[in-house]
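Each remark here refers to the structure printed beneath this line.
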Number of protein chains: 2
Amino acid sequence: MPRIRHKSLDCSPGCAVEATLELIDGKWKGVILYHLFHGTMRFNALRKILPNVTQRMLTMQLRELEEDGFIHREIYPQIPPKVEYSLTDFGRTLEPVVMALKRWGDEHTTFGAEKKKSPALGTQGQHG
Amino acid sequence: MPRIRHKSLDCSPGCAVEATLELIDGKWKGVILYHLFHGTMRFNALRKILPNVTQRMLTMQLRELEEDGFIHREIYPQIPPKVEYSLTDFGRTLEPVVMALKRWGDEHTTFGAEKKKSPALGTQGQHG
DNA sequence: CATGACGGTATCATTTCCGATACTATGGAC
DNA sequence: GTCCATAGTATCGGAAATGATACCGTCATG
């Protein structure tokens, strides 16, 4: 049961909505989670598919996701370092949420529209 | 098709997730939308169920939701003023998203847990 | 004349988020 | 001895989001 950063969540019934939003908010967490649904990834692998995220931000977002129990950080004590990120069982419970977000984005934003124009992505199956 | 505040959305397939998040982000939009699913509301009615939101913030969030085409603002030219907010058809397309967020929050956050401890809220049906 | 209801604005301060950049550690290859 | 790869930290600064507070306009009531 993750902590909630909200100072006071006594904001009426709909508050569970905000509580969830707070946890997956943070500019890159959604995408990070989305990619981890497809499997374990190393730090630099995430950097490659998220070229706009600075190293600092990526680290921070990953740490927060870890703190909240969504992802697991596996450190292999070797040189050069190897660190793998994967979803926890708890993290997987977010799948319906993330997928609802993605589905809506695909259908209703210009980003989704652009994507449909590019059939090459279709070969990636669930990825696109 | 709403504008996207993100500067660059070339952040790989999962980006539709972020696109959606950006639109319903903003600390109070989730709750506002959630409450509007239950029907039209006046400005002060929203203030009452969201006591932590300042008037300024509420106005701003509502204006952004309006800009993005999610809600409709109906002004009745009378004294004292009356302004009603309601979801547009487009706004209603967000229902699965918001409900997914709420469901997860209810089941997995301490806020949700607290709520379950309070059976009185159960009488509110879908509200709680 | 003062007060209250309603739906706001305006202004300022603070907090929080985020980006850019530089720096670190270690071992192996060259 | 230098460079590279990996996974970070540290520090600084600016921008954006949010909060606090005060003010506005109008009509009705007292």
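So you know, we letter chains A, B, ... as the sequences are listed, proteins then strands, and number each from 1.
Applying the 4.0 Å criterion to OP1 and OP2 of C:dA5, one finds that B:Arg42 has every side-chain N and O outside that range. Taking 4.0 angstrom as the limit, B:Arg63 places none of its side-chain polar atoms (N or O) nearer than this to OP1 or OP2 of C:dG7. The phosphate of D:dG19 (OP1 or OP2) has a side-chain N or O of B:Trp28 nearer than 4.0 angstrom.
Nucleotide D:dA7 holds its P atom 11 Å from the CG atom of A:Leu62, rounded to whole Å. In this structure, CG of A:Leu46 is placed 14 Å from P of D:dT6, rounded to the nearest angstrom. Following rounding to the nearest Å, A:Leu58 (CG) and C:dA20 (P) show an atom-to-atom distance of 14 Å. Here D:dA20 presents its P atom at 11 Å from CE of B:Met57, a figure rounded to the nearest Å. Per the geometry, CD belonging to B:Glu66 stands 9 Å off P belonging to C:dG8, to the nearest Å. Rounded to whole Å, atom P of C:dG19 lies 12 Å from atom CG of A:Leu50. Rounding to whole angstrom units, CD of residue B:Gln78 and P of D:dC27 are separated by 13 Å. Going from atom CG of A:Asp25 over to atom P of C:dT16 covers 14 Å, rounded to whole Å.
Remark: A:Trp28 CH2 to A:Asn52 CG distance equals 5.0 Å, nearest 0.5 Å. In this structure, B:Cys15 SG and A:Lys102 NZ are separated by 9.5 Å, a value rounded to the nearest 0.5 Å. For the atom pair CZ of A:Arg92 and CZ of A:Phe37, the computed distance is 8.0 Å after rounding to the nearest 0.5 Å.
Taking only distance into account, the side chain of B:Arg56 never meets the base of D:dT21 through a donor-acceptor pair shorter than 3.5 Å. With hydrogens and angles left out, the side chain of A:Arg47 and the base of D:dT6 share no donor-acceptor pair within 3.5 Å.
The nucleotide whose nearest atom lies closest to any side-chain atom of B:Gln55 is, among C:dG19, C:dC6, C:dG8, C:dG8. Distances from the side chain of B:Thr59 to the nucleotides C:dG19, D:dG8, C:dT9 place C:dT9 closest. Across D:dG19, D:dA7, D:dT11, the shortest atom-to-atom separation from the side chain of B:Lys27 is found for D:dG19. Taking the side chain of B:Tyr85 as heavy atoms from C-beta on, and the options C:dC6, C:dG19, C:dG8, the nearest nucleotide is C:dG8. With C:dG7, C:dA20, D:dA7 as the choices, the nucleotide that has an atom nearest any side-chain atom of A:Thr54 turns out to be C:dA20. For A:Phe43, the listed nucleotide lying nearest its side chain is D:dG8; candidates were D:dG8, C:dC18, D:dG19. Here the side chain of A:Ile79 is nearest to one of D:dA7, C:dG27, C:dT9, namely C:dG27.
Ion pair B:Lys29/B:Asp25 not flagged as a salt bridge, since none of the NZ, NE, NH1 or NH2 atoms sits closer than 4.0 Å to an Asp/Glu carboxylate oxygen.
Classified by interplanar angle (parallel below 30°, tilted 30° to 60°, perpendicular above 60°), the ring pair A:Phe43/A:Tyr85 is tilted.
If A:Pro81 and A:Met60 are placed on DNA chain C by their nearest nucleotide, the residue sitting closer to the 5' end is A:Met60.
Within the 3.5 Å criterion, the main-chain N or O of A:His72 finds no donor-acceptor partner in the side chain of A:Thr88.
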